[in-house]
Each structure stands twice: as C-alpha cells, then as structure tokens.
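Owing to the predicted nature of the structure, the values given are computational and were not obtained by experimental measurement. Numbered from 1 within each chain, the chains take letters A, B, ... in sequence-line order.
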Amino acid sequence: MTYFVLRSLFFVHRKDLRWYEQFYIPQIINGMKITLSQVFRPKFTRQYPEVKWQPPSSFRGRPVLVEQNGIERCVACGLCSRVCPALAIEVQASETELPKERYPIKFEINMLRCIFCGFCEEVCPEEAIVMSQEFELTFTRQEDGIFGKDKLLTSADKLKDRLEFLRQNR
Amino acid sequence: MEILITVIKIVAVMGIMLGIVAYVVLLERRLSAAIQNRIGPNRVGWQGLLQPIADVMKLVFKEDIVPTKANRFIHDLAPIISISVAMTTFAVIPFGDRIDLFGYDIKLQIANVNIGILYILALTSLGVYGLTLSGWSSNSKYPLLGGIRSSAQMISYELSMGLSIIGVIMIAGSLQLDKIVEVQAAWRWNIVLQPIGFITFVVAAFAETNRLPFDLPEAEPELVAGYHTEYSGMKFAMFYLAEYANTFVSSALITTLFLGGWQVPFVHSLGLSDFWISIIQVLGFLTKTIILVAFFIVIRWTIPRFRYDQLMNLGWKFMLPIAILNLLVTGLVILLI
C-alpha cells in the first residue's frame with residue numbers, strides 16, 4: 001500500500017509522458033519557469049495619456065469639414081444630413097459670391113448621436129466632410145456635444161492621409 | 001512595565017503587519033501583471049506605491065449592502081471572525097531573537113505560549129467559521145456553496161497539515177515555536193530534515209489559505225465570488241485583507257517551522273554587535289517570508305484550479321497517508337539515532 005501511495009503522490013499516470021515528466025513537482029517548477037520568464041518580456045500595455053495611438057488612415061474618427069485656403073469645401077447640398085442614419089447632422093445653406101455659390105451658414109454635428117459610420121463622407125460629392133483620425137471626444141455637458149463649424153473646420157493639410165486614402169480606395 | 005512592553009509590541013506588530021499585508025496585495029497585482037505581460041497599477045504614487053491606500057479609501061466610501069433576507073447579525077460577524085483570526089495567529093510566531101532596546105531585554109515574539117503550534121492550528125480552524133458563516137448568512141446560493149466547500153476543504157486539509165507538523169515537533173521536542181526555531185540553528189533547517197513534511201505542509205497551507213490551486217470557496221468561474229459574493233464595502237475589504245493576511249501568516253509559519261525562522265546563517269561570523277545581529281535576523285525572517293509570499297503568488301498564476309473531487313481525493317487519499325508515513329519514518333529515525 002505504501003508503494004502505491006508513494007507512486008500516486010509523486011507520479012502522474014500517463015503513458016504518453018516520459019518517466020521524468022511524470023513527476024509532479026519538477027513539472028510544477030517548469031510551469032513556474034514559464035510564468036517567471038514572462039516577467040522579463042516586453043509589456044503590451046500602452047501608457048495611454050502619455051503614449052498615444054496613431055490611427056491608420058483607414059480609421060474613422062470624428063467627422064470634420066475640410067477647409068482649403070481658408071474656405072470650406074462644403075456647398076451645403078445637405079446630402080450628408082439626409083444620409084445620416086443617426087440624424088446627427090444639421091445644415092443650413094446660404095448664398096455666397098464665391099464660384100461655388102452656396103455655403104453652409106450653419107453646420108452642426110451632434111457628437112452624442114454620431115455613430116461614426118462614415119456615410120456622410122461616402123455620400124459627399126465635394127469631398128468636403130471626411131472622417132478624421134481624432135478619437136478623443138470628451139465633454140461634460142450635453143450642449144458641448146453639438147459641434148459647430150468652429151470645431152469642425154480643419155485645414156486640408158492636416159487631413160492629407162485620409163484624403164489620400166479616400167482617393168485610392170473609393 | 002512588562003504589560004506596557006507587550007502592548008507596544010502588539011501595536012507595532014499589528015501596524016507593521018497591516019502595512020505588509022496591504023503591500024502584499026500590491027505585490028500580487030504587480031507580479032500577476034508582469035506575468036501576463038501587463039504593467040499593473042503604477043499611477044498612484046511612485047510605481048503605484050500608494051495604490052493600497054487608494055483602494056482602502058475607495059472601499060470605505062462604498063455602500064454597505066446587506067441582502068434582504070440575510071441574517072444581519074451573522075452577516076456582520078463573519079468578516080470580523082475572518083480578519084481577527086488571521087491577525088491573531090501571528091501572535092505566537094517569533095520574528096526575531098532577543099533585542100536590547102533602551103536598556104530593556106525584549107523578546108521579539110508577542111506571546112511565548114507553551115502550546116504555540118496548537119494555538120495556531122486551533123485559530124486557523126476557527127477561520128473556517130468566517131467563511132462558512134458568511135456563506136450561510138448571505139441567504140444566496142453561490143455564497144452557500146462556497147461556504148460548504150470551504151468547510152469541507154479546510155477540515156480535509158487540516159488533518160494533513162497537523163500531521164506534517166508533528167514531524168517537526170518530534171525533532172524539536174517542543175510545541176513552543178521559539179524552541180523549534182532554536183533547534184534549526186546553523187543550516188539544520190527542517191526543510192532538509194523533513195522534505196516530505198515540508199511539501200505536505202506547503203500544499204496544505206495553500207488549501208488552508210484558499211490560494212489558487214485550491215481556491216474552491218471563491219472559484220470565480222463557478223461561484224461568482226464564492227462566500228463573499230454578497231459583501232461590499234469595508235466588509236468585503238475585511239475578507240480580502242484576511243485572505244492576504246492568511247497568506248502572509250502561513251508564509252511566516254512555513255518560515256518558522258521549516259526554513260529556520262529568524263536564523264540567518266553565518267551572521268555571527270560577521271563580528272557585529274548583538275543589536276545589529278538581531279536586526280539582521282528580523283530582516284532575514286521578513287525576507288524569507290516575502291519570498292514565500294511571492295512563491296504563493298507565482299503558483300497562483302501557474303497552476304489551474306482543481307476540480308472539487310480531485311481536491312478531496314488529493315486531501316484524503318494522498319496527503320493524509322503521506323503525512324502519516326512521514327510521521328512513522330521520522331519516529332523510526334529518531335528512535336534509532
């Protein structure tokens with residue numbers, strides 16, 4: 001009996017293991033070697049506020065209006081507000097002396113409603129509204145969630161990556 | 001004067017122990033994170049050193065929720081039993097030799113009880129009441145299952161734990177823990193003389209403290225959070241603290257019984273004064289204990305949980321016979337020498 005008890009304490013009964021693999025304790029130590037060796041491996045965690053993620057150009061961040069030479073490309077056709085499934089966009093058109101003749105006097109995106117689907121960007125005939133690479137949207141009041149033209153207008157230079165991406169993939 | 005010294009010792013040891021236990025929690029979080037290629041809490045204070053304080057502050061301000069049909073009195077009592085048992089166990093563990101402080105000869109042990117080990121065994125078995133009562137009084141199915149499991153598990157492993165200690169007692173010829181440590185002077189550590197006793201005791205200690213290979217009372221995937229599912233706020237913190245205090249105390253106990261306690265080899269050949277030798281011995285004791293705590297933590301992230309029947313099989317069919325066998329062999333050897 002003693003023999004069997006000793007054998008069952010110190011051995012795992014499995015034919016597919018070699019004799020030295022059937023000991024419990026050396027295998028536990030092997031397991032600990034594996035776990036401890038992980039301690040010295042490089043970490044996966046990104047220290048977020050200090051180290052930021054640079055999204056690829058295919059990333060759909062918050063939608064912005066493209067501004068070229070100080071003028072927005074938008075002609076206030078209203079297609080984006082028509083296509084928006086979340087009803088987040090509100091456009092009010094007005095006339096202008098410029099060759100494009102129309103411009104949005106009011107352009108508001110409710111970022112509490114926006115679902116980042118990118119339909120507005122797809123439908124836009126002027127390539128005037130695009131998804132930027134910004135993903136940090138925080139506000140503490142509901143009213144702050146409605147982004148007007150002041151927050152939406154972004155110069156085309158900053159959106160180069162995205163515009164290039166759209167030209168190649170659309 | 002005697003009483004005053006004892007009171008000061010109690011306050012100092014309690015304070016230091018609570019501090020260490022709080023930082024054992026941090027050690028667990030950082031080490032487990034490192035093992036999983038994460039960083040872990042490193043925001044509060046330098047490298048997250050103030051995290052335990054932040055955790056306690058958070059838990060203090062949490063709402064204390066008691067289930068509607070719970071037994072209010074026992075529900076409140078259970079965490080108190082858990083924590084007080086975990087804390088008082090340390091009372092008989094000698095964490096150093098004597099020290100000469102301000103002209104007083106102070107023994108670095110709170111209470112030199114002549115039944116030391118029996119006291120520890122008695123108190124650790126009281127700890128089961130904390131878990132079982134919390135499981136029963138919550139009036140909820142998962143805590144109840146956890147409580148039942150804990151009582152069965154503790155009883156099974158207490159036997160092999162007690163039997164594996166008897167080998168040590170036979171070598172020392174005393175139940176007093178300071179005698180046991182004195183016997184282990186100069187590398188005559190019990191881990192060398194009692195290797196099988198050491199292994200059985202460590203395994204039983206894992207089961208007694210509900211650490212991972214045997215954490216069936218709180219097995220997250222099956223029982224939500226086990227016995228403390230229905231606890232929140234400071235009462236939950238008490239259970240949490242008790243778990244880590246238990247880990248720390250059992251590490252201290254393993255150190256005392258098998259790893260030579262506060263004995264540091266070659267310390268007398270350094271030619272230091274008695275005072276510094278005592279300090280080094282206390283630090284040596286703490287180092288051994290903390291290494292064991294780290295061992296507990298690494299084991300937690302290495303070995304998966306046992307099934308319940310495997311746990312019972314291991315406890316009754318293997319651990320108990322091995323402990324008895326070890327006892328017989330030890331007795332035979334002592335008789336022959």
> Looking at A:N169, I'd like to know if its CG atom is crowded, meaning that more than 12 non-hydrogen atoms belonging to other residues, nucleotides or ligands lie closer than 6.0 Å.
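More than 12 within 6.0 Å, yes.
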
> Taking atom OG1 of A:T35 and atom CG of B:L31, what is their separation to the nearest 0.5 Å?
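One gets 9.0 Å once the value is rounded to the nearest 0.5 Å.
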
> How close do B:V298 and A:M32 get, heavy atom to heavy atom, and via which atoms?
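Between these two residues, the closest heavy atoms are CG1-CE, 3.9 Å.
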
> More than 12 heavy atoms of other residues, nucleotides or ligands under 6.0 Å from CZ of A:R82: is that the case?
no

> Taking all non-hydrogen atoms of both residues, which atom of A:Q38 and which atom of B:I35 are closest, and how far apart?
CB-O, 3.1 Å

> Is it true that atom CD of A:E143 has more than 12 heavy atoms of other residues, nucleotides or ligands lying nearer than 6.0 Å?
yes

> Side chain, backbone, both or neither: which part of B:I39 has a heavy atom under 4.5 Å from chain A?
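It is both, since atoms from each part get that close.
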
> More than 12 foreign heavy atoms under 6.0 Å from CD of B:Q310: is that the case here?
yes

> Please report the closest heavy-atom contact between B:R43 and A:P49, naming both atoms and the distance.
NH1-CD, 4.0 Å

> Around atom NZ of B:K62, are there more than 12 heavy atoms of other residues, nucleotides or ligands at under 6.0 Å?
no

> Check each atom of A:I34 against the heavy atoms of chain B and say whether the ones under 4.5 Å are side chain, backbone, both or neither.
neither

